[in-house]
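Accompanying notes for the structure given below.
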Amino acid sequence: MKTIKIVIAGPRGRMGSEAVKLVQNKENYELVAVVDHKNDGGILSDFKGFEGIDVPVYSDIEKCFKNEACDVLIDLTTPEVGMHHTKTALTYGVRPVVGTTGFTKENLQELEDLCHDSSLGAIIAPNFAVGAVLMMKFSQMAAKYFNDVEIIEMHHDQKLDAPSGTAVKTAEMIRDVRESKQQGHPNEKETLAGARGADFDGMHIHSVRLPGLIAHQQVMFGSSGQTLQIRHDSYNRESFMSGVALAVDTVVKIDTLVYGLENIME
Ligand SMILES: NC(=O)c1ccc[n+]([C@@H]2O[C@H](COP(=O)([O-])OP(=O)(O)OC[C@H]3O[C@@H](n4cnc5c(N)ncnc54)[C@H](O)[C@@H]3O)[C@@H](O)[C@H]2O)c1
Ligand SMILES: O=C(O)C1=N[C@H](C(=O)O)CCC1
């Protein structure tokens, strides 16, 4: 099995630290460097919790790619930083696996064009948990039969983006099959701004943020006399790692942008 050389951006984050463990534990993965806005020029083991992992730390991703031969970048940072990292990776011939959420439609288009021009693969997955991907697919199936749907996503209160990437992706997948409809009463009025959540093609997305939560989503469908609820819960961040590994193993074999893990799950 060929070794896949990996750089992780955001290694000290909630997801990044789990990704470091994944890469350390997989026989054919090699962590060659990390990108962190602190400790430029140091080594990862300078940080508490990473004892024995003596790979270089770079704050400048360009410098990292100039100095280190690598195949894949795993980015788990913030939307603006993640976009910069992803574009830079493609410029240096490195294939990105992006878990960072909050990318805009325009961001995705720009990255798709970059992948096309460079013939490099990239995978952007708003949710790496296999159960969450199934929840999205089951919701898409249900939307053929139920026109009315509300998406309730629930996350920890340190999350920066709302709605979640998963909720946006779910809404996009539903939109692809649902007959467009403005839901609720035509004369409904919010007496408190935001009460009906965000509007996506006439369906509504509600974002809950609470300490104690990790990542959860409930998709509620309703029609005369019945409701259907499809729910997924991630109780820890290990739940995302088999999806990260699938994305790493796949990205080295493809030459286009893939948006969503459902497109590479068999
Ligand atoms: N796709 C998925 O399955 C999935 C799952 C969980 C989280 N996420 C997303 O992943 C991202 C990270 O989530 P998190 O909970 O780990 O957040 P976090 O805040 O714990 O981690 C983000 C890390 O990025 C680092 N960072 C910030 N600026 C940087 C820079 N310029 N260079 C390098 N590193 C930098 C921070 O130091 C921090 O350690 C978010 O966008 C989140 O929505 C995706
Ligand atoms: O913890 C987060 O932040 C998560 N973000 C993703 C999203 O925005 O959909 C997925 C799960 C966790």
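Note that ligands are numbered from 1 as they come in the structure, with each ligand's atoms numbered from 1 the same way.
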>> Under a 4.0 angstrom heavy-atom cut-off, which atoms of ligand 1 come close to Asp161?
In response: 43 (O)

> What residues come within 4.0 Å of ligand 2, counting heavy atoms only?
Replying inline: Thr101, Pro126, Asn127, His155, His156, Lys159, Asp161, Ser164, Gly165, Thr166, Ala215, Phe240

>> To the closest 0.5 Å, what do you measure between CZ (Phe50) and CZ (Arg12)?
In response: 8.0 Å

> Between Lys181 and Asp148, does at least one N-O distance fall below 4.0 Å, as a salt bridge requires?
Replying inline: yes

>> Nearest non-hydrogen contact with atom 19 (O) of ligand 1 belongs to which option: His37, Arg12, Arg14, His84?
In response: Arg14

> In the protein, which heavy atom is nearest to atom 44 (C) of ligand 1, and how far is it?
Replying inline: Gly99 O, 3.0 Å

>> For atom 30 (C) of ligand 1, what's the nearest protein heavy-atom neighbour? Residue, atom name and distance, please.
In response: Val81 CG1, 3.6 Å

> So how far is it from Met135 CE to Ile151 CD1, rounded to the nearest 0.5 Å?
Replying inline: 9.0 Å

> Taking NZ, NE, NH1 and NH2 as the nitrogens, is one of them in Glu262 or Lys169 under 4.0 Å from a carboxylate oxygen of the other?
Replying inline: yes

> Which one holds for Lys159 and ligand 1: side chain close, backbone close, both close, or neither close, with close meaning a heavy atom under 4.0 Å?
Replying inline: side chain

>> Salt bridge or not between Lys105 and Glu110? Use side-chain N to carboxylate O under 4.0 Å.
In response: no

> How close does the nearest protein non-hydrogen atom get to atom 24 (O) of ligand 1, and which residue and atom is it?
Replying inline: Thr77 CA, 3.5 Å

> Looking at atom 16 (O) of ligand 1, what's its closest protein heavy atom, distance included?
Replying inline: Met15 N, 2.8 Å

>> Tell me the protein heavy atom at minimum distance from atom 43 (O) of ligand 1, and give that distance in Å.
In response: Thr101 OG1, 2.5 Å

>> Side chain, backbone, both or neither: which applies to Phe128 and ligand 1 if a contact is any heavy-atom pair less than 4.0 Å apart?
In response: both

> How far is atom 1 (N) of ligand 1 from its nearest protein heavy atom, and which residue and atom is that?
Replying inline: Ala125 O, 2.8 Å

>> Give me the atom names and distance for the closest heavy-atom approach of Ile43 to Asn39.
In response: O-ND2, 3.3 Å

>> If you measure every N or O of Gly13 against every N or O of ligand 1, does any of those distances drop under 3.5 Å?
In response: yes

> Counting distance only, does the side-chain N/O of Asp233 pair as donor-acceptor with the main-chain N or O of Tyr235 below 3.5 Å?
Replying inline: no

> Can you tell me if Tyr29 uses its side chain to pair, donor with acceptor, with the backbone of Ala245 under 3.5 Å?
Replying inline: yes

> Relative to the heavy atoms of Pro126, which atoms of ligand 1 are at a distance of less than 4.0 Å?
Replying inline: 1 (N), 2 (C), 3 (O)

> What is the closest protein heavy atom to atom 33 (C) of ligand 1, and at what distance does it sit?
Replying inline: Val35 O, 3.3 Å

> Nearest to atom 32 (N) of ligand 1 by heavy atom, Gln158, His156, His85: which?
Replying inline: His85

>> Under a 4.0 Å threshold between the charged nitrogen and the carboxylate oxygen, would Arg196 count as salt-bridged to Glu190?
In response: no

> What is the nearest protein non-hydrogen atom to atom 23 (C) of ligand 1, stated with its residue, atom name and distance?
Replying inline: Leu76 O, 3.8 Å

> Is Asp157 salt-bridged to Lys159, cutoff N-O under 4.0 Å?
Replying inline: no

>> Within ligand 1, which atoms have a heavy atom of Asn127 less than 4.0 Å away?
In response: 1 (N), 2 (C), 3 (O)

